[in-house]
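Down below is the structure, laid out as structure tokens.
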2 protein chains.
Amino acid sequence: MLAVVLSVREGRLGVLLWRRGLAPQAGRWALPGGGVARTERLRAAIHRHLAAKVDVRELAHLEQLATHSAVRRDPRGRVLATAYLGLVPDDVEPHLPADTRWHPVDALPTTAFDHRHFIAAAVERLRAKLSYTNLGFALAPREFTIGALRRIYSAALGYEIDATNLNRVLTRRRVIEPTERTAPSGQSGGRPATIYRFCERELTVTDPFAALRPPR
Amino acid sequence: MLAVVLSVREGRLGVLLWRRGLAPQAGRWALPGGGVARTERLRAAIHRHLAAKVDVRELAHLEQLATHSAVRRDPRGRVLATAYLGLVPDDVEPHLPADTRWHPVDALPTTAFDHRHFIAAAVERLRAKLSYTNLGFALAPREFTIGALRRIYSAALGYEIDATNLNRVLTRRRVIEPTERTAPSGQSGGRPATIYRFCERELTVTDPFAALRPPR
DNA sequence: CCAAAAGTGTTCTTACTACACCCATGT
DNA sequence: ACATGGGTGTAGTAAGAACACTTTTGG
């Protein structure tokens with residue numbers, strides 16, 4: 001049971017890791033997680049193990065990645081490990097314990113066990129879903145300007161996104177909508193930006209067919 | 001541990017089910033599956049439980065769907081159930097035990113437990129991946145004509161696909177390629193069809209971005 | 001010659017990209 | 001005034017859908 005919690009921090013996509021104090025793998029950075037109680041639901045176990053790191057209410061999205069049956073940390077027997085992907089909006093600042101930190105996913109420290117692969121799978125899943133679902137809602141604040149959203153998408157995807165086109169793609173798909181309000185300009189001026197919000201705050205597939213679409 | 005094995009049978013997408021002889025849920029149709037031994041890999045367990053139904057060599061593709069922790073058949077405690085999606089080409093005819101049959105996914109009998117939902121998830125996954133990967137290789141024979149491939153895709157997707165466009169889409173993406181040979185025409189004549197094959201017979205993502213593509 | 005099935009050519013539509021240009025605000 | 005960031009207009013591009021037309025076979 002492992003949680004890959006991702007969020008945009010300081011303009012980069014980051015993952016929540018804690019530093020192991022004890023053997024095995026003392027000093028290495030690990031994903032939060034732990035065992036599942038005998039009658040516990042998987043989702044409940046994730047929340048239980050994450051409780052110290054991030055409040056459940058700060059998790060905007062949680063989905064299952066995969067279950068691995070490889071022999072892991074414990075050489076006595078095979079441990080089933082189900083990995084989850086969690087997403088935190090970039091405007092919430094969970095209070096982190098001393099051993100826990102956000103690490104940019106493109107500059108990871110030495111990770112414990114095979115956690116590097118779980119992180120890679122989570123990032124790949126997030127990037128794919130940003131393109132064909134409304135998953136951006138889980139990384140962005142409730143309300144935002146297009147410029148802010150552009151920075152979030154650029155950080156999450158790992159390459160620059162054009163604000164104009166981002167706006168148009170997401171508007172056409174009815175993923176985001178403008179509010180009546182505008183944000184004040186910064187110190188250096190600039191036109192006040194319209195404030196937008198996501199229409200839905202639950203995962204929706206917006207562009208299911210890359211090809212071979214059904215006839216109309 | 002459950003296997004949703006799908007294949008195109010008689011022009012329709014079918015799922016492999018066996019009829020339960022004993023309680024609970026006697027008489028209902030269930031997915032093949034069973035427990036995982038203490039030191040067994042998940043994939044090995046799937047193969048072990050499927051052995052009586054289909055030969056491993058007949059499975060052209062096997063991938064994990066999800067793990068469910070809901071209280072299932074056994075009210076004594078929660079059972080973790082990991083579901084897999086397996087695909088069988090339409091030209092192989094596994095020798096089926098007496099209690100086992102292919103059922104069209106759009107006309108399912110009363111299924112045991114919550115197996116209906118697992119089947120739905122598997123079909124959805126298959127249909128999505130047919131659009132943006134080369135997954136068709138796992139439903140088609142090694143070699144085929146475009147007409148035959150069209151029938152397979154139409155059955156799997158649940159709506160008619162145009163042979164011309166199917167050919168062009170898959171060729172442009174370098175998913176299929178023509179051979180030098182042609183298939184003889186049928187009794188009623190017709191131009192002999194070029195025989196094609198899939199370039200790769202392993203899962204490859206061919207069209208990862210529905211939108212927000214990286215700059216060139 | 002005709003029917004049948006395969007394959008080609010062509011047009012249309014649409015979603016997206018790229019980028020020039022215009023707008024509103026602070027200093 | 002002018003720098004700064006936001007927003008609009010507008011081609012251009014490419015993938016795919018739709019469908020007419022041509023090709024090659026059997027009877």
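Sequence lines set the chain letters: A, B, ... in the order given, protein chains first and strands last, and positions in each chain run from 1.
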Using OP1 and OP2 only, check whether a side-chain N or O of [X] sits under 4.0 Å from [N].
{"X": "A/T164", "N": "C/dA18", "value": "no"}
{"X": "A/R172", "N": "C/dC16", "value": "yes"}
{"X": "B/T182", "N": "C/dA6", "value": "no"}

Open item on the list: For B/A210 and B/P192, find the nucleotide of DNA chain C closest to each by heavy atoms; which residue's nucleotide sits nearer the 5' end?
Closed with: B/P192
TODO: Using heavy atoms to find the nearest nucleotide of DNA chain C for B/G147 and B/L212 separately, return the residue whose nucleotide is more 5′.
DONE: B/G147
Return the value, rounded to whole Å, for the distance between atom [atom1] of [X] and atom [atom2] of [N].
{"X": "B/I161", "N": "D/dA17", "atom1": "CD1", "atom2": "P", "result": "7 Å"}
{"X": "B/L170", "N": "D/dG16", "atom1": "CG", "atom2": "C1'", "result": "12 Å"}
{"X": "B/R191", "N": "D/dG27", "atom1": "CZ", "atom2": "P", "result": "18 Å"}
{"X": "A/I195", "N": "D/dG6", "atom1": "CD1", "atom2": "P", "result": "12 Å"}
{"X": "A/D162", "N": "D/dG6", "atom1": "CG", "atom2": "P", "result": "12 Å"}
{"X": "B/D207", "N": "D/dG16", "atom1": "CG", "atom2": "P", "result": "6 Å"}
{"X": "A/L166", "N": "D/dT8", "atom1": "CG", "atom2": "P", "result": "14 Å"}
{"X": "B/Q187", "N": "D/dG27", "atom1": "CD", "atom2": "P", "result": "8 Å"}

Distance-only, no hydrogens or angles: does the [X] side chain make a donor-acceptor pair with backbone N or O of [Y] under 3.5 Å?
{"X": "B/S154", "Y": "B/R150", "value": "yes"}
{"X": "A/S131", "Y": "B/A211", "value": "yes"}
{"X": "A/R197", "Y": "A/I176", "value": "no"}

Open item on the list: What contact category does A/R150 fall into here, base, sugar-phosphate, or nothing, at under 4.0 angstrom with non-hydrogen atoms?
Closed with: nothing
Open item on the list: By the 4.0 Å heavy-atom rule, please label B/A183 as base, sugar-phosphate, or nothing.
Closed with: nothing
Tell me if the side-chain of [X] makes a donor-acceptor pair with the base of [N], cut-off 3.5 Å, by modelled atom types.
{"X": "B/R168", "N": "C/dT10", "answer": "yes"}
{"X": "B/S185", "N": "D/dT24", "answer": "no"}
{"X": "B/N165", "N": "D/dA18", "answer": "yes"}

Task: Centroid-centroid under 6.0 Å between B/F118 and B/F113 rings - done: no
TODO: May I ask you to say whether B/E93 pairs ionically with B/R9, meaning some side-chain N is under 4.0 Å from a carboxylate O?
DONE: yes
